[in-house]
Amino acid sequence: MERANETVVKEFVFLGFSSLAGLQRLLFIGFLLLYLFTLGTNAIIISTIVLDSALHTPMYFFLAVLSCSETCYTFVIVPKMLVDLLAQKKTISFLGCAIQMFTFLFLGCAHSFLLAAMGYDRYVAICNPLRYTVLMGHAVCMGLVATACVCGFAVSVVTSSLVFHLPFHSSNQLHHFFCDISPVLKLASHHSRLSQMIIFMLGVFVLVVPLLLILVSYIHIISAILKIPSSVGRYKAFSTCASHLIVVTVHYGCASFIYLRPKSNYSSSRDSLISVSYTILTPLFNPMIYSLRNKEFKSALRRAMGQMLFPAN
């Protein structure tokens with residue numbers, strides 16, 4: 001009864017780009033071009049891997065799943081953001097915000113565990129090459145992807161439930177361009193230290209645990225590479241891991257800065273800028289890093305384009 005005179009929040013207003021009102025049309029054009037290029041790049045990668053039998057290996061299977069995941073990941077955030085850049089009223093319903101957060105967390109968390117699975121794949125390929133086809137069979141690859149999805153789903157369910165079961169009676173102005181955890185929590189009328197601790201521990205589980213698994217994998221990988229007598233062999237072995245290392249550094253670096261720090265250090269403008277990097281730029285760069293640095297993939301792409309342009313009679 002003490003909150004009877006207070007209005008329950010039914011929608012949120014995004015203020016993520018409010019300080020750049022004069023540049024929003026320009027941002028719309030820039031972000032739209034980047035988004036279309038990202039969709040096109042991922043579509044090319046997925047179709048090339050599916051069509052070329054030479055790429056039907058665990059490494060490229062994971063790359064195809066990664067590209068599919070990032071396509072879905074951007075679809076959750078970017079189209080709504082593009083619409084809001086041209087709209088006068090940038091709102092999202094309470095339920096829509098909950099769905100966006102749940103889907104974003106599900107795909108983002110699954111992405112973290114998928115990168116760990118890719119690290120394990122590189123570990124087996126370099127440290128146990130003779131048993132690679134046995135240890136990384138189709139069932140194992142599917143099991144690793146399924147595990148990543150189950151972990152992402154579980155974390156997103158718990159986190160979204162904790163956040164959206166809180167009371168929202170005060171401001172509905174969200175200083176962000178999508179429904180991320182910290183800006184939404186800031187609008188809650190009150191939230192317990194327990195809920196904050198649970199969300200933080202889930203962040204540790206999603207970011208620190210996969211990163212530790214990747215580090216352990218690369219300790220063994222580097223040890224195995226250093227034992228290769230040929231410098232050419234060492235370079236070839238390390239080059240197969242370089243793309244994965246770059247993507248891991250970018251992903252865990254940005255995500256850890258956002259989710260593994262004291263909430264007192266929250267800054268809406270700084271976080272919005274970093275969020276742009278991992279919602280728009282990172283999904284663009286990741287497939288390019290994996291594909292453009294890979295001679296095998298480029299050869300497969302040329303074969304696929306040749307088949308499309310000059311089909312056999």
Side-chain angles (χ1 to χ4, degrees), residues 38 41-42 44-46 48-49 54-71 73-74 107-129 131-133 135-137 140-149 151-152 206-228 233-257 277-278 281-301:
T38 300
T41 305
N42 281 306
I44 290 171
I45 289 173
I46 294 169
T48 302
I49 292 172
L55 300 184
H56 292 177
T57 63
M59 183 177 78
Y60 290 105
F61 168 74
F62 287 125
L63 177 56
V65 174
L66 183 72
S67 295
C68 184
S69 170
E70 290 189 329
T71 301
Y73 176 87
T74 56
L107 293 169
C109 295
H111 185 92
S112 284
F113 288 102
L114 183 61
L115 288 176
M118 295 175 78
Y120 175 71
D121 171 68
R122 292 299 82 207
Y123 158 75
V124 176
I126 293 175
C127 297
N128 295 281
R131 301 183 60 204
Y132 180 68
T133 54
L135 294 176
M136 295 302 296
V140 174
C141 294
M142 292 296 293
L144 289 172
V145 172
T147 301
C149 291
C151 291
V206 169
L207 295 172
V208 177
V209 172
L211 184 57
L212 287 176
L213 293 174
I214 292 171
L215 289 175
V216 170
S217 295
Y218 273 98
I219 289 172
H220 291 284
I221 288 171
I222 293 171
S223 176
I225 290 175
L226 292 177
K227 293 177 182 177
I228 298 175
R234 288 196 297 269
Y235 174 79
K236 186 177 179 180
F238 185 76
S239 65
T240 64
C241 304
S243 299
H244 181 251
L245 279 174
I246 295 171
V247 173
V248 164
T249 302
V250 173
H251 173 78
Y252 288 101
C254 290
S256 298
F257 180 81
S277 72
Y278 71 75
L281 298 180
T282 302
L284 169 65
F285 291 144
N286 285 359
M288 294 177 65
I289 290 169
Y290 273 110
S291 58
L292 296 181
R293 298 183 73 260
N294 191 302
K295 293 180 180 179
E296 187 178 16
F297 179 85
K298 287 187 284 188
S299 298
L301 179 58

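These numbers were taken from a predicted model, which means no experiment stands behind them.
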To check you understand the geometry: which heavy-atom pair defines the closest contact between H220 and C127, and what is its length? O-SG, 3.5 Å
Which donor-acceptor pairs under 3.5 Å do side chains of residues 245-252 form with protein atoms, sequence neighbours excluded?
from, atom 1, to, atom 2, distance (Å)
T249, OG1, L245, O, 2.8
H251, NE2, S112, OG, 2.8
Y252, OH, S112, O, 2.7

Correct closest heavy-atom pair for N42 and P283 would be ND2-O, 4.0 Å
Looking at CE of M118 and CG of L63, how far apart are the two atoms once the value is rounded to the nearest 0.5 Å? 5.5 Å
Looking only at heavy atoms, what is the nearest atom pair of A148 and L114, with distance? CB-N, 3.9 Å
So CD1 of I49 and CZ of F62: to nearest 0.5 Å the spacing works out to 12.0 Å
Are Y120 and L213 packed together at the side-chain level, in the sense that at least one heavy-atom pair is separated by less than 4.5 angstrom? no
Do other residues, nucleotides or ligands put more than 12 heavy atoms under 6.0 Å from the CZ atom of F238? no
Does the side chain of V145 come within less than 4.5 Å of F61's, by heavy atoms? yes
Any residue meeting side chain to side chain donor-acceptor pair (under 3.5 Å) with T38, in chain and number order, not counting sequence neighbours: none
Counterpart residues, side-chain contact (heavy atoms from CB on, under 4.5 Å), relative to T41 (two or more places apart): F37, I45, P287, M288
To the nearest 0.5 Å, what is the distance between NE2 (H111) and CG (L66)? 5.0 Å
Is it true that a side-chain atom of S69 and a backbone atom of V65 form a donor plus acceptor pair closer than 3.5 Å? no
Do M59 and F297 have side chains that get closer than 4.5 Å, going by heavy atoms? no
Gap between atom SG of C68 and atom CD of E70 - 0.5 Å precision: 10.5 Å
Closest heavy-atom pair, A64 versus I46, reported as atoms and distance to 0.1 Å, is O-CG1, 3.9 Å
Testing the basics here: between I228 and R234, what is the closest heavy-atom pair and its distance to 0.1 Å? O-NH1, 2.8 Å
How many angstroms lie between CE in M142 and OG1 in T147, if you round to the nearest 0.5 Å? 11.0 Å
For G152 and C109, which heavy atoms make the closest approach, and how far apart are they? CA-CB, 3.6 Å
Roughly how far apart are I126 CD1 and D121 CG, rounded to 0.5 Å? 9.5 Å
